[in-house]
Amino acid sequence: MAGLMAGFGRYTHAIVRGTPESLAKGALRSSQAEVDVTIAQREHDAYVHVLRTTLGLEILELPADETLPDCVFVEDAAVVCGDTALITRPGAESRRGETEAMKGALKELNLNVVEMTDESATLEGGDVLFTGREFFVGLSKRTNQRGAEILADAFKDYAVSTVPVSEGLHLKSFCSMGGPGLIIIGSSEPAQKALKIMQQMSDHRYDKLTVPDDLAANCIYMNLPNKGHVLLHCTSEEFPESVKVFEKLKDHMLIPVSNMEKRKVDGALTCCSVLINKKANN
Amino acid sequence: MTTEAGSETEVKENAEEKSAVQLDQSEKTTEGTQEVAATEGEERQTEKEKEKEGKGITRYLPTWFKKQKSQSQTSPTKEVPPTEEPTIKVSQEEAHIPEVNGHAEEVEEKEAVGPQQQQVKEKESHSNASADTEPAGEGKVESAQKSLEGTEETTKEGAKEEKKKEEVEKEGGQGQTFIFQSPLRLVRKNKMKLVVCHVTLLDGSDFTCEVEKRAKGLFLFFKVCEHLNLLEKDYFGLTYKDHHEQKCWLDSTKEIKRQIRSNNWQFAFNVKFYPPDPSLLSEDITRYLLCLQLREDVASGRLPCSFVTHALLGSYTLQAELGDYEPDQPRPLDYISQLTFAPNQSKEMEEKILELHKSHKGMTPAQADCQFLENAKKLSMYGVDLHHAKDCEGVDIMLGVCANGLLVYKDRLRINRFAWPKILKISYKRNNFYIKIRPGETEQFESTVGFKLQNHRSAKRLWKVCVENHSFFRLNAAEQPTKARFLTLGSKFRYSGRTQNQTRLASTLIDRPAPAFERTSSKRISRSLDGAPMISITDTSREAENGREPHLELHSDSKVKEADLSPGSVEATPAQDHDKTQEEVLKHQASVSELKRSFMEAPPPSPPQLNLWEKRLTSSPAMATRVQQQTVVPETEASAAAAANGDAKEPAKTTEVEIEETVVVQEISKAPKAAEELQTQEVKDRDGAGLQKKHESVSSESESDEEAEYHPNVSVSISHTQIPEEKEEEEAEEEQGKKEKLTAASSPVEPEQAAAAVEEEEKQSSKEEEKKEVSTEEPMMTPDEASNGITSREEAASVAAEEEELPKVNGETSVVEARPQVICCSEPPVVKTEMVTISDTFAAQKTEIATKEVPIVHTETKTITYEAAQLDGSGDGEPGVLMTAQTITSESLCTTTTTHITKTLKGGLSETRIEKRIVITGDCDIDHDQALAQAIKEAKEQHPDMSVTRVVVHKETELAEEDD
């Protein structure tokens with residue numbers, strides 16, 4: 001049916017951004033890990049390759065900006081749903097500059113761009129889980145209530161519920177969508193608690209797919225013509241046990257994507273792209 | 001169904017039979033059966049009767065006759081021509097039972113030619129009895145009219161009937177829409193003063209009519225519905241402005257005069273309950289009215305939506321009102337600007353609306369309405385009734401009441417949600433509004449969340465809305481108000497109308513040609529028949545069970561099937577090219593979405609506008625709703641709350657139901673002293689009942705009371721079965737029992753003391769249990785009976801009186817049961833069953849029931865042997881007999897049985913076995929593990945003296961999809 005909530009997971013375009021050298025030293029991270037930028041870049045190339053070649057998305061690649069060490073994680077700069085794009089106001093000050101290029105790219109794609117101008121609001125895309133029917137916004141170190149309100153304003157058709165994120169960087173650091181009505185969730189206590197909250201807050205029923213590793217719960221789901229359900233997930237080198245769980249998804253086309261290096265700076269799979277559904281060649 | 005289900009059914013039946021045999025004085029069971037039979041018979045006859053009404057009566061006679069008999073004391077079994085006597089009698093009875101009136105509309109079915117009064121009454125009792133499908137509204141009209149004239153001389157009636165018939169004929173196929181329920185209406189012999197009412201309709205027009213000054217709300221409402229030619233009226237209501245310019249719903253059971261502001265007879269007709277799936281409505285005219293309401297909601301900003309959605313909804317409105325976009329004479333933009341589609345309508349939006357309108361070419365108005373509703377229903381604020389409130393910290397929030405429960409918003413963000421099944425009790429006191437929440441799996445105690453409303457009135461208004469929404473969307477039948485309440489000073493308000501379930505059932509039986517109606521702006525006649533979606537009853541029932549929205553069944557097959565299965569039910573509607581039409585629509589939809597997308601790529605939507613949200617809500621930092629852990633037992637909560645407010649304690653009233661999934665908890669206990677206990681308690685209870693009665697009369701007009709409570713009967717699964725309700729009621733009764741005790745204890749004491757006394761109460765409760773068993777015994781427990789918990793105890797003294805009132809409800813139940821069976825046949829539920837035997841009951845809680853899609857049955861076997869029982873319990877039981885065997889059965893998609901068996905053993909030993917079947921409706925967020933654990937826990941708490949011996953979990957997983 002047309003209108004609201006049609007075609008969850010259908011994407012035609014993806015916005016990605018190059019990996020700057022400054023990532024190694026400058027990118028924010030919760031651990032002390034050393035990052036090999038070369039490996040990170042190689043991983044990123046493979047990631048983009050999957051999106052472009054394997055999945056046939058049209059890729060809009062923004063150039064890396066050395067002054068923005070985290071700029072490869074484009075997800076945090078914008079939330080796109082339907083034809084509306086909300087430019088965020090990242091909670092990390094060092095990342096606020098990332099939105100400029102993003103805004104340009106989204107305007108180029110003729111989306112309705114809504115900006116978050118309120119100085120008191122912070123929101124990062126990593127805290128926004130869109131289920132196809134509603135939004136959950138994690139209230140984390142990077143996202144606050146006001147940011148969530150502005151998001152609710154931008155996407156009036158949908159319910160927007162807030163979920164406290166006490167541990168982990170973002171809401172999507174331990175969960176993501178694995179299909180229409182299917183939430184992939186980590187097995188840690190905070191993750192499970194967040195899931196409970198989401199389930200309580202929702203009028204809809206969600207199935208859950210619990211994976212042993214929280215970080216493995218961040219996947220990219222798409223529903224593409226001729227390909228059906230597609231799930232980009234971690235590799236078995238990274239999280240062998242979790243991959244076993246994904247392999248139970250018989251209806252999904254499973255594509256393992258390595259994300260070893262970027263994970264060291266808290267980058268997850270969803271972080272590296274903004275997915276957009278537009279009519280092709282427009 | 002599964003093997004499990006199958007056997008359960010058998011059990012049920014057995015139990016029923018058994019009990020029927022044993023307690024044949026309580027003809028209620030039998031009655032039920034008769035009713036079913038009768039109904040079927042009627043259905044078969046319907047057609048013929050259509051042709052010749054007179055004959056129909058005679059055919060009915062046996063049925064009614066029988067029924068009459070069973071009602072024994074109720075009304076003398078009368079022969080065909082109703083004499084004055086019965087009439088009078090009936091009306092008196094009706095007077096007793098105003099609540100039933102709510103259901104009165106059921107009258108719709110059947111022609112009431114014969115002993116009309118009696119028939120009318122009985123029909124009402126069926127509630128869902130909708131089984132009878134009366135093709136044209138004639139019978140209805142007649143009966144309605146009759147009832148109207150109930151008090152008039154019978155002699156006149158003959159003539160009148162004919163007159164009426166003529167009228168009906170004149171009206172052509174349209175049929176008469178509305179029915180006056182004799183009971184509700186206050187038709188007195190002596191005419192009263194008339195007043196003029198002005199009702200603003202949804203299309204903005206004004207409807208004026210005269211009503212008697214003392215008319216009740218329902219009368220006016222029916223008048224309006226009649227004017228609108230609306231049959232599916234239960235979704236609607238009338239509002240008025242109170243002294244403070246607040247919109248209030250007109251209570252249909254109360255006199256209008258007493259509700260409205262002095263002499264301002266100004267009302268508005270509005271949607272009261274937004275159907276979660278409008279495609280399930282039977283008639284286009286109903287959908288049209290819903291559309292009108294939603295257009296207004298959208299345009300006013302009450303229903304916020306995005307630019308794109310505004311445009312899309314607007315385009316469907318244009319299509320419905322104007323028909324196809326005409327390229328030759330393009331509608332000037334300024335014409336469109338005169339219509340309001342959005343709170344701040346921009347030129348861009350109008351252009352988009354026009355452009356989308358072009359794409360709807362060929363869509364009929366009815367289809368356009370459907371599409372409008374399909375999109376509108378998905379909006380997150382669809383059907384959410386917002387109320388301003390503050391949390392305990394004084395932070396502004398909004399409370400939204402909707403079909404699924406209570407939502408808490410802060411600045412447009414949803415910050416909490418309490419699904420109806422999570423709510424144990426709803427109450428208000430002064431300007432405080434409380435909900436008591438079922439404890440989560442990790443929590444030990446129930447918690448109460450309190451909100452501050454602006455004032456007492458708004459707290460009460462919110463409470464009422466909650467009560468009504470809960471009843472409408474979650475119950476199978478509205479709860480009988482206040483009858484069983486004890487010592488209550490609070491509001492006796494209960495929802496009195498039909499529930500969604502009932503109304504859906506009823507509307508599937510609507511059989512009239514789609515009424516022609518005019519759409520507002522265009523005045524075009526609706527081509528309502530083409531493209532009208534068919535609705536499969538089966539689907540409805542099925543999905544409703546889980547509180548999910550049934551989807552549109554496009555094929556007429558199912559309907560036909562349905563018709564085949566239910567004898568004499570509505571003839572299959574003439575098959576139309578639904579498939580084709582729908583396909584086209586779908587295709588069309590695809591293109592629309594494309595179009596919408598593409599042109600959304602163009603200019604951005606107008607900047608976010610101030611709408612209701614902004615207007616209403618002020619932003620404020622972190623909020624927290626107060627959640628106070630209650631260490632007291634549930635029943636004390638009320639008094640505790642009262643204490644907290646330094647006010648006189650108000651005992652909890654009515655029912656409290658604890659669990660809502662299909663969980664059977666069997667408890668067995670040997671209670672040596674049961675007999676004595678019972679008797680003592682009985683006495684007490686009787687006193688209580690007496691007291692209660694007094695109070696009722698005192699508080700009858702106490703609408704201004706400061707506080708009230710409502711215990712949502714959560715356990716009721718929304719299915720077509722009465723069973724869950726019964727069970728609920730039953731539980732209610734138990735609770736009632738406890739509460740009474742509590743009350744007795746607490747009323748003379750200070751609140752604090754009351755709290756202390758609670759524990760004891762709890763202990764007693766188990767005995768209470770047994771006692772209850774006994775007391776309810778004589779009339780085969782039927783739901784109504786149960787619901788009248790206290791009353792039934794009273795029965796020893798006045799069984800007769802009781803029976804007069806009850807039969808109606810009984811009829812209702814039985815008839816309802818008949819239908820689900822039919823449904824079952826037509827679509828066998830697909831459930832896989834898995835049997836698991838677990839030795840430890842509590843281990844069961846820990847297993848992964850929730851994650852498995854297969855129903856799991858945990859069984860711990862413990863055999864209980866009943867010895868030849870000897871009576872010693874309460875008065876009415878027969879010696880050596882099973883004291884109570886109450887079985888409530890449902891053939892519906894989820895099988896449900898509740899059995900209470902109390903056996904009396906030698907030497908005054910009584911053994912009570914309580915089988916509790918709890919239906920947990922599949923609300924999306926139910927954690928099955930948790931619910932089960934909770935169920936067991938509560939069962940244990942309720943009956944500390946008893947032990948849980950067997951837990952059977954029967955899980956039905958619905959395969960239905962949720963619409964994306």
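Proteins get letters first, then strands, A, B, ... in listed order; numbering begins at 1 in each.
In this structure, A:D203 and B:R417 have side chains that are in contact, with non-hydrogen atoms separated by less than 4.5 Å. By the 4.5 Å heavy-atom criterion applied to side chains, B:K410 and A:E149 are counted as neighbours.
The backbone N or O of A:T162 sits nowhere less than 3.5 Å from a side-chain atom of B:R414 that would complete a donor-acceptor pair. With hydrogens and angles ignored, the 3.5 Å screen pairs no side-chain donor or acceptor of A:D157 with any backbone N or O of B:C305.
Interatomic distance, B:T309 OG1 to A:F155 CZ, rounded to the nearest 0.5 Å: 12.0 Å. Separation of atoms CG (A:D153) and OG (B:S306) is listed at 12.0 Å; rounding is to 0.5 Å. In this structure, B:L407 CG and A:M201 CE are separated by 9.5 Å, a value rounded to the nearest 0.5 Å.
Contact record, B:L413 with A:A152: CD2-CB, 3.8 Å, taken as the closest heavy-atom pair. Between A:A159 and B:S380, the shortest heavy-atom contact is N-CB, 3.1 Å.
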Determine, stepwise, if the pair A:K156 / B:L379 fulfils side-chain contact (heavy atoms from CB on, under 4.5 Å). CA-CA 8 Å; A:K156 288 198 179 71; B:L379 293 167; over 6 Å; no

Output a table of donor-acceptor pairs, distance under 3.5 Å, between side-chain atoms of residues 135-142 of chain A and any protein atom two or more places apart or on a different chain; print 'none' if there are none.
residue	atom	partner	partner atom	Å
A:S140	OG	A:D127	OD1	3.4
A:S140	OG	A:D127	OD2	2.5
A:S140	OG	A:R142	N	3.1
A:S140	OG	A:T143	N	3.3
A:R142	NH1	A:E124	OE1	2.9
A:R142	NH1	A:E124	OE2	3.3

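Counted by atom type alone, B:D411 and A:Q145 present zero donor-acceptor pairs between their side chains at under 3.5 Å.
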